[in-house]
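First up is the structure itself, then whatever we jot down about it.
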Amino acid sequence: MSEYPLSQIMAINRFRMGTDGKGISTLVAFYGCNLSCKYCLNPQCKDEKTRRTNIKPEHLVDILAVDDIYFKSTGGGVVFGGGEPLIQSEYISEVCKLMPKEWQKRIETSLNAPWNKIEILIPYINQWIIDIKDSNLNIYKEYAGGDSLLVYENVEKLSSIVGKDKLLIRIPQIPDYNTDTDIIMSMELYSDFGTIDLVNYRKLNISI
């Protein structure tokens, strides 16, 4: 098998329920992120002191397979998160190729990435869990340090290719940044592209 860039895995978190879609899932959390969100749910993803490891794709699948029976019996599977997992999209695609087809393959992402990083995963991912932050250009830039227009273009294109049923679009209430009016505007803008999930960063309990 060819050599791959360092997988930079921070953690493998088993027996997750209620945060990553249907069934029992295992989160594979990757180091690294191209955004600078003020309320980062996993700030260790950008801390140079964070321990991470390089695992070959086939070895990772072997590790995940310990929960094969749970994935298959509950409709669960593997969730790729971080950080921003799309940084590791080539590695993730190789992992997905080796997984049993019965395992659900999900990804938690900001979708703030070049299209080629998204496109490579389209044949494999069953559900895209997308945190859009906010659709307002100024709010997005101030809060996350990125471009919300790129996110919108990627969501629109992805939805047209894979179908809206595969997209869960998270629209957060971001304390001190967006208002109810901003959230409504984001809902109206994204509602045609996938299922809308309203969350509150202060109440959301997603961590590795």
Side-chain angles (χ1 to χ4, degrees), residues 1-21 23-68 70-71 76-99 103-114 116-118 120-121 124-133 143-146 151 154 168 170 172 174 197 199 201-208:
M1 182 172 287
S2 301
E3 293 296 323
Y4 299 99
L6 292 180
S7 53
Q8 298 285 294
I9 292 174
M10 295 189 295
I12 298 174
N13 191 344
R14 300 169 60 203
F15 298 118
R16 291 167 63 91
M17 295 186 67
T19 57
D20 309 310
I24 294 173
S25 63
T26 293
L27 172 69
V28 179
F30 292 94
Y31 180 84
C33 186
N34 55 326
L35 297 178
S36 300
C37 299
K38 302 302 187 293
Y39 298 133
C40 180
L41 298 175
N42 286 317
Q44 61 269 46
C45 75
K46 300 185 74 171
D47 187 341
E48 293 183 359
K49 296 179 181 178
T50 298
R51 292 186 62 184
R52 59 257 196 196
T53 185
N54 179 39
I55 304 175
K56 291 183 178 180
E58 61 268 33
H59 185 202
L60 178 58
V61 174
D62 288 342
I63 293 171
L64 298 170
V66 68
D67 291 318
D68 175 74
Y70 299 113
F71 298 157
V78 179
V79 182
F80 302 102
E84 176 49 71
L86 289 178
I87 294 173
Q88 300 284 348
S89 59
E90 291 85 0
Y91 174 85
I92 292 172
S93 70
E94 295 301 323
V95 173
C96 288
K97 290 175 186 177
L98 299 171
M99 287 184 185
W103 296 5
Q104 289 295 297
K105 304 164 187 68
R106 302 173 180 134
I107 189 167
E108 294 180 343
T109 173
S110 69
L111 222 66
N112 194 311
N116 67 303
K117 289 286 190 176
I118 301 167
I120 192 173
L121 293 179
Y124 310 108
I125 299 298
N126 301 112
Q127 185 179 38
W128 301 75
I129 303 171
I130 305 165
D131 183 351
I132 66 151
K133 319 299 181 186
Y143 172 72
V151 176
N154 284 339
L168 178 66
R170 284 182 170 154
I174 311 174
D197 181 27
V199 297
Y201 278 163
R202 284 182 177 165
K203 296 178 181 179
L204 196 61
N205 183 22
I206 299 178
S207 64
I208 63 169

Kindly compute the distance separating [atom1] ([X]) from [atom2] ([Y]), expressed to the nearest 0.5 Å.
X	Y	atom1	atom2	value
E48	Y31	CD	OH	5.5 Å
K105	I92	NZ	CD1	13.0 Å
Q8	T53	CD	OG1	9.0 Å
I118	T109	CD1	OG1	7.0 Å
I130	D197	CD1	CG	12.0 Å
S36	Y143	OG	OH	10.5 Å

Could you work out, with ring-ring contact (aromatic ring centres under 6.0 Å, His included) as the rule, every residue matching F15, not counting sequence neighbours? Y70
Do you know which two heavy atoms are closest between [X] and [Y], and how far apart they sit?
X	Y	result
S89	L121	O-CD2, 3.4 Å
K133	I174	O-CD1, 3.8 Å
I125	Q127	CG2-O, 3.2 Å
G83	P85	O-CD, 3.5 Å
F80	L27	C-CD1, 4.3 Å

Tell me yes or no: between the side chains of D68 and W103, is some donor less than 3.5 Å from an acceptor? yes
Please check if any side-chain donor atom of S110 sits under 3.5 Å from a side-chain acceptor atom of E84, or the reverse. yes
Should the pair F30 and Y91 be assigned to parallel (<30°), tilted (30 to 60°) or perpendicular (>60°) ring geometry? perpendicular
Answer yes or no: is there a side-chain heavy-atom contact under 4.5 Å between [X] and [Y]?
X	Y	value
E94	L98	no
L86	I107	yes
E90	I120	yes
M99	L64	yes
I55	I12	yes
F71	Q104	no
I132	L111	no

Between [X] and [Y], is there a donor-acceptor pair closer than 3.5 Å when you use the side chain of the first and the backbone of the second?
X	Y	result
R106	D20	yes
K46	L35	yes
N42	G82	yes
N34	A113	no

Between R14 and D67, is the closest basic N to carboxylate O distance under 4.0 Å? yes
